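These figures come from a predicted structure and were not determined experimentally. For reference, positions follow the sequence shown, starting with 1.
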Amino acid sequence: MFKISDAIDFVYGYLLFKSYFFSIKTNIIATDYPNKAYAKKWRTFAKTLNEDTLNKALKLITKKSDSAFCRVLDIYDCFDRSSYFALINSNHPNITLGFVKDADLWDVWLSEGIYKLVREVIAEYISRGDKVVDFGCGSASPAYYGDIVGSSGIYTGVDYSRPLLNLANMKIKEERISDRVNLVQGYVDSKLIFKRSYDVVICSSILQYVDLKSTLTNVVNALNGEGTIIVFSEVFTDIDPEKAKLFELYYSLVPSFKKFPSVKEICEILGSLCDFKYKLIGKNFLKIDVCT
């Protein structure tokens, strides 16, 4: 678990440096840009950057340095590169972070780096024979979890991006596990009808893109009374509020991004839907057990 937290801390330190150089290169505090809304967000954040911030960034990078962490940086380099184009236009074609338009890039990022590490953690809570539904499954998770649940289990992946699901389907066929893996194109915060009850619901890096209450309502309905929900978020706003400010600047470049969730609001919504108990694992995972 701590490996994920260390990796996220490393990314945070890296992005602090990137944000400092971004503010210098763009002279964001004193320069007007066409995308006034995005420029205003950066102007506010840039005013918080100082020598102490850079010293903190350096400590995070050196303390948490690990050769494996360097593999998580590709997507964050894309965030940094895209931020310059976003000052011109929020829909600039050089912003390559769309789940549909840039599915081939997301496939690379989802297959390795931070998302691979996250899957390895979540896999500890999945057993052979389990029925698992994955909200916002992307292209890499279906084949990975489909192999874990085995021939006696069932995995259902839900995602709105048809290109990502097409890539996932290719991996499933290569692994010859089509008999146990179902892929559904749909929005996880629209009303979903489940033909069966699931043992485990995965919500990994998805809650920042959706209507939280509608999604968690679907999550509880998928369990039909009892089961386990595993939530991963790059940041929970009430656990790491300082980190959330910077992450939201960059993640706002992803189409459909809303905001990162807090543990408190997740629990408040679940409390209106079911009985549950939860455990915060590290700083980025929630294991929630829904009880009858």
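Val290 is not listed as a side-chain neighbour of Asp275, based on a closest heavy-atom distance of 4.5 Å or more. Ile172 places a side-chain heavy atom less than 4.5 Å from the side chain of Leu183. Side-chain atoms of Ile288 and Val231, non-hydrogen and from C-beta on, do get closer than 4.5 Å to each other. With a 4.5 Å cut-off on side-chain heavy atoms, Leu165 and Cys137 count as touching. The shortest side-chain heavy-atom distance between Ile4 and Glu120 does not fall under the 4.5 Å cut-off. Taking 4.5 Å as the limit, some side-chain heavy atom of Leu286 sits within range of a side-chain heavy atom of Val263. A 4.5 Å side-chain heavy-atom check between Thr31 and Thr26 finds every atom pair outside the cut-off. Within the 4.5 Å cutoff, the side chain of Leu49 has heavy atoms near those of the Ser23 side chain.
Using modelled atom types, one side-chain atom of Asn218 and one backbone atom of Ser190 make a donor-acceptor pair closer than 3.5 Å. Side chain of Ser90 to main chain of Ala86: no donor-acceptor pair is present (N/O by atom type, distance under 3.5 Å, no hydrogens or angles). The backbone N or O of Ser111 lies less than 3.5 Å from a partner atom in the side chain of Arg119, making a donor-acceptor pair. The backbone N or O of Ser127 sits less than 3.5 Å from a side-chain atom of Asp130, completing a donor-acceptor pair. With hydrogens and angles ignored, the 3.5 Å screen pairs a side-chain donor or acceptor of Arg128 with a backbone N or O of Ile148. Between the side chain of Arg180 and the main chain of Ile154, no donor-acceptor pair closer than 3.5 Å is present. A donor-acceptor pair is defined here as one N or O able to donate and one able to accept, closer than 3.5 Å; no such pair exists between the side chain of Ser214 and the backbone of Asp211. A side-chain donor-acceptor contact under 3.5 Å links Asp102 to the backbone of Leu97.
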Verdict with reasoning, Asn50 to Thr53, per side-chain hydrogen bond (donor to acceptor under 3.5 Å, both in side chains): CA-CA 5 Å; Asn50 52 40; Thr53 305; 3.0 Å; yes
Steps toward side-chain contact (heavy atoms from CB on, under 4.5 Å) verdict (Phe285, Ser233): CA-CA 7 Å; Phe285 289 90; Ser233 181; over 6 Å; no
Verdict with supporting geometry, Ser205 and Glu234, side-chain hydrogen bond (donor to acceptor under 3.5 Å, both in side chains): CA-CA 7 Å; Ser205 295; Glu234 287 86 344; 3.0 Å; yes
CA sep, side-chain torsions, deciding dist, call: Ile202, Val132, side-chain contact (heavy atoms from CB on, under 4.5 Å): CA-CA 7 Å; Ile202 299 170; Val132 176; 3.7 Å; yes
Residue pair Leu223, Val201: steps toward the side-chain contact (heavy atoms from CB on, under 4.5 Å) verdict: CA-CA 7 Å; Leu223 293 173; Val201 181; 3.7 Å; yes
Test log, rule side-chain contact (heavy atoms from CB on, under 4.5 Å), inputs Lys131 and Arg196: CA-CA 9 Å; Lys131 296 186 286 295; Arg196 60 175 60 87; 4.0 Å; yes
Tyr198 and Thr156: CA distance, side-chain angles, deciding distance, side-chain hydrogen bond (donor to acceptor under 3.5 Å, both in side chains) verdict: CA-CA 9 Å; Tyr198 290 90; Thr156 298; 2.7 Å; yes
CA sep, side-chain torsions, deciding dist, call: Asp134, Tyr155, side-chain hydrogen bond (donor to acceptor under 3.5 Å, both in side chains): CA-CA 8 Å; Asp134 188 355; Tyr155 170 92; 2.7 Å; yes
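Between Lys243 and Asp9, at least one side-chain N (NZ, or NE/NH1/NH2) sits under 4.0 Å from a carboxylate O, which counts as a salt bridge. Salt-bridge annotation for Glu242 and Lys56: present, with a side-chain N of the basic residue lying under 4.0 Å from a carboxylate O of the acidic one. A salt bridge does not link Asp32 with Lys40: none of the charged nitrogens is closer than 4.0 Å to a carboxylate oxygen. The pair Lys287-Asp289 counts as a salt bridge, with a side-chain nitrogen and a carboxylate oxygen less than 4.0 angstrom apart. Ion pairing between a basic and an acidic side chain is recognised when a charged N comes within 4.0 Å of a carboxylate O; Asp189 and Lys213 show no such pairing. Under 4.0 Å is where a charged nitrogen must lie from a carboxylate oxygen, and between Asp238 and Lys264 no such pair does.
In this structure, Ser272 and Ile269 approach most closely via the heavy-atom pair OG-O, 2.6 Å. Taking each heavy atom of Leu207 and Pro261 in turn, the nearest pair found is CB-CG, 4.0 Å. Between Ile177 and Ala143 the shortest heavy-atom distance is CD1-O, 3.6 Å. For the residue pair Ser204 and Val118, the shortest heavy atom distance occurs at OG-CG1, 3.5 Å. Here the closest heavy-atom approach between residue Ser19 and residue Leu246 is recorded as CB-CD1, 4.0 Å. For Thr96 against Arg81, the heavy-atom pair with the smallest separation is OG1-NH2, 4.2 Å.
The aromatic rings of Tyr209 and Phe257 sit perpendicular to each other, their planes meeting at more than 60°, with 30° as the lower class boundary. Ring geometry for Trp106 versus Phe99: interplanar angle of 30 to 60°, hence tilted.
Open room surrounds NZ on Lys245; 12 or fewer heavy atoms of other groups in view lie less than 6.0 Å from it. Annotation: Tyr20, atom OH; neighbour count of heavy atoms from other residues, nucleotides and ligands within 6.0 Å does not exceed 12. Other residues, nucleotides and ligands contribute more than 12 heavy atoms inside 6.0 Å of the CZ atom of Phe17.
Each of Tyr12, Tyr14, Tyr38, Trp42 was checked for a ring pair (Phe, Tyr, Trp, His ring centres under 6.0 Å) with Tyr250, and the lone residue meeting it is Trp42.
A ring-centre distance under 6.0 Å is not found for Phe260 and Phe236. Residues Tyr115 and Trp109 keep their aromatic ring centres 6.0 Å or farther apart. In this structure, the ring of Tyr76 has its center less than 6.0 angstrom from the ring center of Phe79.
The line from CG of Leu15 to CG of Leu60 is 11.0 Å long, rounded to the nearest 0.5 Å. Note that CD of Glu268 is 7.0 Å distant from OG of Ser262, once rounded to the nearest 0.5 Å. Here Phe45 contributes atom CZ and Leu16 contributes atom CG; the two are 5.5 Å apart, rounded to the nearest 0.5 Å. One finds the CZ atom of Phe232 at 9.0 Å from the CG atom of Leu117 (value rounded to the nearest 0.5 Å). If you take SG on Cys274 and CG on Asn224, they are separated by 12.0 Å, rounding to the nearest 0.5 Å. Going from atom CG of Leu164 over to atom CD of Gln185 covers 10.5 Å, rounded to the nearest 0.5 Å.
Cluster membership check: Phe21 shares its hydrophobic cluster with Val11, using side-chain heavy-atom separations under 4.5 Å among Ile, Leu, Val, Met, Phe, Trp and Tyr. Val254 and Ile88 fall into different hydrophobic clusters, defined by Ile, Leu, Val, Met, Phe, Trp and Tyr side-chain heavy atoms under 4.5 Å apart, directly or through other members.
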